[in-house]
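All chains are named by letter (A, B, ...) in the order of the sequence lines, taking the proteins before the strands, and each is independently numbered beginning at 1.
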Protein chains: 2
Amino acid sequence: MADSRSPRSEGLGASSPAPAVTRAAAVLEALAASPSGRLTLSDLSRELGIPKSSTSNLLLALEEARLITRQGADFALGRKLVELGAAYLSRLDEVQEFYKYCEQAPTLSGETVRIAMLDGDHVIYLARYEGHPAVRLTSNIGDKMPVSLCSVGKALIAQLHDHDIDSMFPDGMELPTMTANSLKSAEELKAQISVIRQRGYAFEDEESTVGVVCLAVPVPTHGAHGPSLGLSVTALKATYSEEQGALMVKELKELARSLGNPMG
Amino acid sequence: MADSRSPRSEGLGASSPAPAVTRAAAVLEALAASPSGRLTLSDLSRELGIPKSSTSNLLLALEEARLITRQGADFALGRKLVELGAAYLSRLDEVQEFYKYCEQAPTLSGETVRIAMLDGDHVIYLARYEGHPAVRLTSNIGDKMPVSLCSVGKALIAQLHDHDIDSMFPDGMELPTMTANSLKSAEELKAQISVIRQRGYAFEDEESTVGVVCLAVPVPTHGAHGPSLGLSVTALKATYSEEQGALMVKELKELARSLGNPMG
DNA sequence: GAGTAGTGTTCAGTAGATTGAACACTCTAA
DNA sequence: TTAGAGTGTTCAATCTACTGAACACTACTC
């Protein structure tokens with residue numbers, strides 16, 4: 001499985017059925033990962049282990065497709081990516097239904113609700129309903145978060161099999177933290193997962209932002225293709241109450257159930 | 001300029017420095033353009049004029065990069081595109097500043113404001129501030145609109161040189177329409193552009209949605225690289241007044257000026 | 001069941017994309 | 001001015017990714 005037939009495949013993974021495409025994708029990811037969002041041809045060539053001349057060809061082709069743009073000597077992600085990302089989201093019927101439901105739900109309609117999707121050991125926010133303008137979130141649509149740091153993330157991995165969780169978070173692994181309340185170790189995470197499974201929903205108590213609590217539930221996938229989705233509500237800890245939480249979880253679960261059933 | 005050196009380049013444009021990449025980009029665009037968002041290998045092969053075996057290779061590479069996903073026999077855009085699109089937007093400082101300004105602006109903070117970017121003869125919405133939840137827009141972030149159908153679009157092309165406008169909209173050209181008020185011909189559009197230049201802002205009177213009016217201004221680019229951006233406010237015609245409009249234009253212009261000056 | 005129209009996959013040969021060394025250029029420093 | 005360290009570009013040779021025809025498969029239709 002790991003015999004590198006191609007003598008060239010070192011920097012990137014094993015040989016690809018269309019190496020130029022794989023490399024182009026690597027270029028896009030490198031640009032997305034770069035702190036400034038801008039890299040020169042030489043930067044990319046060095047970082048990805050692709051010869052300069054080849055990198056130049058890739059960049060020209062990517063630029064022509066508007067997947068990247070030239071800014072002086074630097075290259076940055078291109079506007080076409082916004083279009084493509086939007087096209088992806090517009091096809092996710094769940095997102096449309098999510099908005100409709102939130103608007104008419106008795107409790108949720110006044111809260112900040114989000115729908116997110118699992119992507120490896122991170123969560124990506126797909127859409128946000130803001131019924132409560134006072135709670136301005138720092139996270140935007142498309143942002144990524146480590147699963148251990150948010151309620152949706154925990155709700156989503158709680159659905160995985162134990163051995164998958166173990167391979168993602170081997171015992172002894174340290175987790176990224178953002179506040180004093182953040183889970184610090186794989187063990188803590190796994191302990192909380194069993195509580196989440198018992199209760200049927202996930203929670204977050206100032207683990208990513210001080211003063212903010214979250215509740216989340218997974219959307220049942222019933223074995224369909226497509227990503228695993230999750231829903232979360234965010235509230236200020238100062239004004240949060242147990243009763244309110246129970247109401248929100250009830251509505252979240254109802255929405256999750258209806259999103260899980262394609263029939264509505 | 002148009003001598004096709006490569007014997008192969010027929011379906012797609014002239015020969016590319018990295019054909020596989022250009023083709024992969026075409027695949028992504030085809031999927032984005034497809035009404036259902038799902039196409040089979042054979043569909044793509046036929047539509048793009050790429051041999052099936054090559055298409056298969058492209059799709060495998062794209063799938064590995066998560067730029068597309070397999071759904072049974074169909075292929076669809078992949079979740080990685082959401083991440084990349086979000087990465088693009090997060091690097092546009094203008095978007096961040098846009099939110100901040102809207103929140104504290106006296107008039108705009110209570111309205112629905114959007115920031116958009118010019119992309120050929122269309123406009124792409126980058127972000128939306130919703131200070132007035134009663135006006136729910138059908139357009140989402142990333143959506144495209146023909147320039148002639150929205151105020152931002154008109155504000156942005158009003159900045160172009162006349163000969164560029166003429167080549168985009170040659171006399172006699174029919175424009176896409178959405179309501180009875182939509183501009184119907186290139187001549188009507190050009191007439192309105194000269195009014196827009198005179199007034200310094202663009203307007204839209206139920207041209208895309210009945211009952212809705214819009215005002216828009218361009219963000220000055222002072223020759224920098226990067227896309228041309230525009231700002232718009234949306235209001236219900238029923239509650240709209242001239243005085244309110246004047247206030248909103250004033251604030252839009254102030255925001256546009258500050259976005260145009262990287263110094264803040 | 002045989003026939004047809006669709007799917008995607010396989011594989012050896014060849015057309016052509018990829019390559020690296022040399023080049024042209026722009027800075028900054030001495 | 002000259003040197004040096006950086007940038008991106010060029011081009012012919014080579015090695016490989018692409019191709020097309022044949023194949024295997026599924027799903028209907030008759």
Side-chain angles (χ1 to χ4, degrees), chain A residues 1 3-27 30-31 34 36-65 67-76 78 225, chain B residues 3-27 30-31 34 36-65 67-76 225:
Chain A
M1 194 182 280
D3 64 329
S4 58
R5 261 159 273 170
S6 162
R8 176 200 295 166
S9 56
E10 294 179 36
L12 297 170
S15 67
S16 150
V21 175
T22 305
R23 287 168 147 192
V27 166
L31 287 172
S34 144
S36 71
R38 311 164 102 234
L39 292 172
T40 65
L41 189 154
S42 306
D43 288 336
L44 288 163
S45 166
R46 239 178 293 107
E47 196 167 313
L48 302 174
I50 303 174
K52 277 200 292 182
S53 46
S54 314
T55 309
S56 174
N57 286 335
L58 290 177
L59 292 176
L60 287 171
L62 284 170
E63 189 184 10
E64 202 178 28
L67 293 170
I68 64 173
T69 22
R70 246 203 165 85
Q71 295 184 352
D74 293 343
F75 291 88
H225 16 249
Chain B
D3 64 331
S4 59
R5 260 160 275 171
S6 162
R8 177 201 294 167
S9 56
E10 295 179 34
L12 297 170
S15 67
S16 151
V21 176
T22 305
R23 287 167 147 192
V27 166
L31 287 173
S34 143
S36 71
R38 311 165 102 234
L39 293 171
T40 65
L41 188 154
S42 306
D43 288 337
L44 287 162
S45 167
R46 237 179 294 108
E47 195 168 314
L48 302 173
I50 303 173
K52 278 199 293 181
S53 46
S54 313
T55 309
S56 173
N57 286 335
L58 290 177
L59 293 177
L60 286 171
L62 285 169
E63 189 185 9
E64 201 179 28
L67 293 169
I68 64 173
T69 22
R70 248 202 165 85
Q71 298 185 349
D74 293 342
F75 290 88
H225 18 249

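We find that CD1 of A/Ile50 is positioned 16 Å from C1' of D/dG8, with the value rounded to whole Å. With rounding to whole Å, A/Arg23 atom CZ is found 12 Å from D/dT16 atom C1'. C/dG6 atom P lies 16 Å from atom CG of B/Asp74, rounded to whole Å. Atom P of nucleotide C/dA17 and atom CG of A/Leu58 are separated by 13 Å, given to the nearest angstrom. Spacing between atom CD of A/Glu63 and atom C1' of D/dG8 amounts to 13 Å, rounded to whole angstrom units. For B/Phe75 and C/dT7, the CZ to P distance is 12 Å, given to the nearest whole Å. Distance B/Asn57 CG to C/dC11 P: 13 Å, rounded to the nearest Å.
Phosphate proximity of D/dT9 to A/Ser56: present, with a side-chain N or O under 4.0 Å from OP1 or OP2.
Where A/Leu60 and B/Ala20 each meet DNA chain D at their nearest nucleotide, the meeting point lying more 5' is that of A/Leu60.
Residues that satisfy the side chain to side chain contact (heavy atoms under 4.5 Å, CB included) test with A/Ala20, not counting sequence neighbours, are A/Leu58, B/Ala20, B/Val21. Listed by chain and number, the residues in a side-chain hydrogen bond (donor to acceptor under 3.5 Å, both in side chains) with B/Asn57 amount to none (sequence neighbours excluded). Residues satisfying the side chain to side chain contact (heavy atoms under 4.5 Å, CB included) test with B/Ser53, not counting sequence neighbours, are B/Pro51. Looking at residues two or more places apart in sequence or on another chain, you find a side chain to side chain contact (heavy atoms under 4.5 Å, CB included) between B/Ala25 and A/Ala65, A/Leu67.
With B/Thr55 contributing its side chain and B/Ile50 its backbone, the two residues share a donor-acceptor pair below 3.5 Å.
Between the base of D/dG20 and the side chain of B/Ser53 there is a donor-acceptor pair shorter than 3.5 Å.
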Got a list of protein N/O to nucleotides 3-7 of chain D N/O distances below 3.5 Å?
| residue | atom | partner | partner atom | Å |
| --- | --- | --- | --- | --- |
| D/dT7 | OP1 | A/Arg46 | NH2 | 3.0 |
| D/dT7 | O5' | A/Ser42 | OG | 3.1 |

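A salt bridge (charged side-chain N to carboxylate O under 4.0 Å, His left out) check over residues 44-57 of chain A, counting only residues at least two apart or in different chains, returns the pairs A/Asp43-A/Arg46.
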